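To keep things clear, I will list the structure first and then write my remarks on it.
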Amino acid sequence: MVTCGVTGISPHWLDQITDDGQIVVPVAQGTFHSTLSVTATAPVCSARSPNP
């Protein structure tokens, strides 16, 4: 879990996700910070925002 806002997901983070792993991070979009959940399902990574 990342506890600071970021402007994007680092490719280095994606390289470290295990098949059952997850990254949860607040992503800055202007003045709005949406929470992004990224999971790795080989060979594709998918992301979704849990906020409506």
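Only a predicted model underlies this, so the values are computations on that prediction, with no experimental measurement involved.
The OG1 atom of T39 sits 10.5 Å away from atom CG of D19, with the distance rounded to the nearest 0.5 Å.
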Stepwise side chain to side chain contact (heavy atoms under 4.5 Å, CB included) check, V27 with T7:
CA-CA 6 Å; V27 178; T7 56; over 6 Å; no
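Qualifying side-chain hydrogen bond (donor to acceptor under 3.5 Å, both in side chains) partners for D20, counting only residues two or more places apart in sequence or in other chains: T18.
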